[in-house]
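We count ligands from 1, going down the list as the structure has it; atoms in each ligand are counted the same way. Excluded from the calculations below are hydrogen atoms, water molecules and symmetry mates; all remaining heavy atoms, backbone and side chain alike, are included.
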Amino acid sequence: MGNKNWHLGTKCIQEGWEPKSGEPRVLPIYQSTTFRYETAEEMGDLFDLKTNGFFYTRLANPTTDAVERKVAALEGGVGAVMTSAGQAATTMAIVNIAHAGDHIISSSAVYGGTFNLFYKTLKELGIDCTFVSPNATDEELEAAFRDNTRLVFGESLSNPSLDVLDIERFARHAHAHQVPLIVDNTFPTPINCRPFEWGADIVVHSTSKYLDGHASSLGGIIVDSGNFDWAAAGKYPELTTPDETYHGVTYTESFGNAAYITKCRTHLMRDLGMSPSPTNAWLLSQGIDTLHLRMPRHCENAMKVAKFLQADERVTWVTYPDLEGNAGYELAKKYMPNGSCGVISFGVKGGRENASKLQGCLQLAAIATHVADLRTCVLHPASTTHRQMNDQQLADAGVGADLVRFSVGIEDAEDIIADLKQALDQL
Ligand SMILES: *Cc1c(COP(=O)(O)O)cnc(C)c1O
């Protein structure tokens, strides 16, 4: 089963779990750490990577496996590895091919946790990161590359600044230096953007956002396009020479275009153990079943809210890339023609004080340190996540003191707008 020609909605529902005759129609939760075998030979062959099968949930599990195949199908990849959280997916995607003494390039418009990971933790591990603006010129991008650069990283639609990455251009520069482009596709999801179609080589997600969609489980996933030629690049010995901890297997020889994603599992899951619980994988699968219905509704509602805010005199500016005239509009039309996502940011007259007050005046929209799920939520970073910063530091971080981050859910747009209106009336 599984069909390359299926449309995205069909894939959301039908890909992944493929029950044989008499098996449960719905993906079962295999909540078991281990799997039983009849003979020592069967178990030995699994450990030698000679046969496929499950032996320990840290490496693979039937429930998780079904969800991995579903997301790989949606992105158009050859394989996927699910992780305990989005942060784990990004970490593994990098350290699978970059080591102490290596260098990476990242767009500066990335999630705060990703920025800290690259700026602090990877640096402590000996991996240097150069940050470039998502709007960097070709010359600026070229200048960032070094002999020891191993990959380029960016977010297709950045959290929280909503910059749209010029995936094709970033991929062109990466490939000219024979390194892969890794794209975090969390905000648009594969329903609205498929980075592999534009030259990205690896995709990562925080599935905690729209893919789960219900804000019920943390998770991450790494998807391999299978398109990058690791052997031709000549700079990834971890993939192209024997791994003595796996009986001398050479990933590119034994696993072909699935070399990268196989090593992620057999090497990094074995050693780092950032694996998801089977129950969280099952919740993710339930979420993805309706992803193709939820994303258009998020976009439709967000557009109505953005237009309402734009027309209100108490609102000073609105960032939503689907709005004509927005900085990211042209790139959004190219890479996400059916809509971007449900997250909007805007400013209110009266700056920090009124932006903070607005949060408390909202009734339907909950104050929450979360975005991208089916319930509308709001956050004023300057008085919450970024409260230790002064106005100048906030401006430098691209998070003005007046910025309100508004994640539009899939309730009725009229009610979300009425809630915003009554809150603005109280300022
Ligand atoms: C939330 C988020 C992450 C981190 O994901 P967790 O599941 O919270 O670890 C990474 N990238 C983006 C774009 C995010 O929004």
Would Asp373 and His370 count as a side-chain hydrogen bond (donor to acceptor under 3.5 Å, both in side chains) if you check the C-alpha gap in whole Å, the side-chain angles of each, and the deciding distance to 0.1 Å?
CA-CA 8 Å; Asp373 71 73; His370 198 248; 2.8 Å; yes

Step by step, work out the salt bridge (Lys or Arg N to Asp or Glu O under 4.0 Å) result for Asp102 and Lys235.
CA-CA 11 Å; Asp102 288 342; Lys235 23 179 120 171; over 6 Å; no

Could you pull out every N or O of ligand 1 that sits under 3.5 Å from a protein N or O, with the distance for each pair?
{"residue": "ligand 1", "atom": "5 (O)", "partner": "Ser206", "partner atom": "OG", "Å": "3.0"}
{"residue": "ligand 1", "atom": "7 (O)", "partner": "Gly86", "partner atom": "N", "Å": "2.9"}
{"residue": "ligand 1", "atom": "7 (O)", "partner": "Ser206", "partner atom": "OG", "Å": "2.8"}
{"residue": "ligand 1", "atom": "7 (O)", "partner": "Ser208", "partner atom": "OG", "Å": "2.6"}
{"residue": "ligand 1", "atom": "9 (O)", "partner": "Gly86", "partner atom": "N", "Å": "3.1"}
{"residue": "ligand 1", "atom": "9 (O)", "partner": "Gln87", "partner atom": "N", "Å": "2.9"}
{"residue": "ligand 1", "atom": "11 (N)", "partner": "Asp184", "partner atom": "OD2", "Å": "2.7"}
{"residue": "ligand 1", "atom": "15 (O)", "partner": "Asn159", "partner atom": "ND2", "Å": "2.9"}
{"residue": "ligand 1", "atom": "15 (O)", "partner": "Lys209", "partner atom": "NZ", "Å": "2.6"}

Below 6.0 angstrom between ring centroids: does that apply to Tyr260 and Phe228?
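No, they do not, as the ring centres are separated by 6.0 Å or more.
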
Residues two or more places apart in sequence or in another chain: which of them pass side-chain hydrogen bond (donor to acceptor under 3.5 Å, both in side chains) with Asp65?
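In terms of side-chain hydrogen bond (donor to acceptor under 3.5 Å, both in side chains), with neighbours along the sequence ignored, Asp65 is linked to Arg69.
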
By side-chain hydrogen bond (donor to acceptor under 3.5 Å, both in side chains) - contacts of Asp312 (at least two apart)
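Only Arg314 meet the side-chain hydrogen bond (donor to acceptor under 3.5 Å, both in side chains) criterion with Asp312.
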
Below 3.5 Å, can you tabulate the donor-acceptor pairs from side chains in residues 126-136 to any protein atom, sequence neighbours excluded?
{"residue": "Thr130", "atom": "OG1", "partner": "His103", "partner atom": "NE2", "Å": "2.7"}
{"residue": "Ser133", "atom": "OG", "partner": "Asn135", "partner atom": "N", "Å": "2.9"}

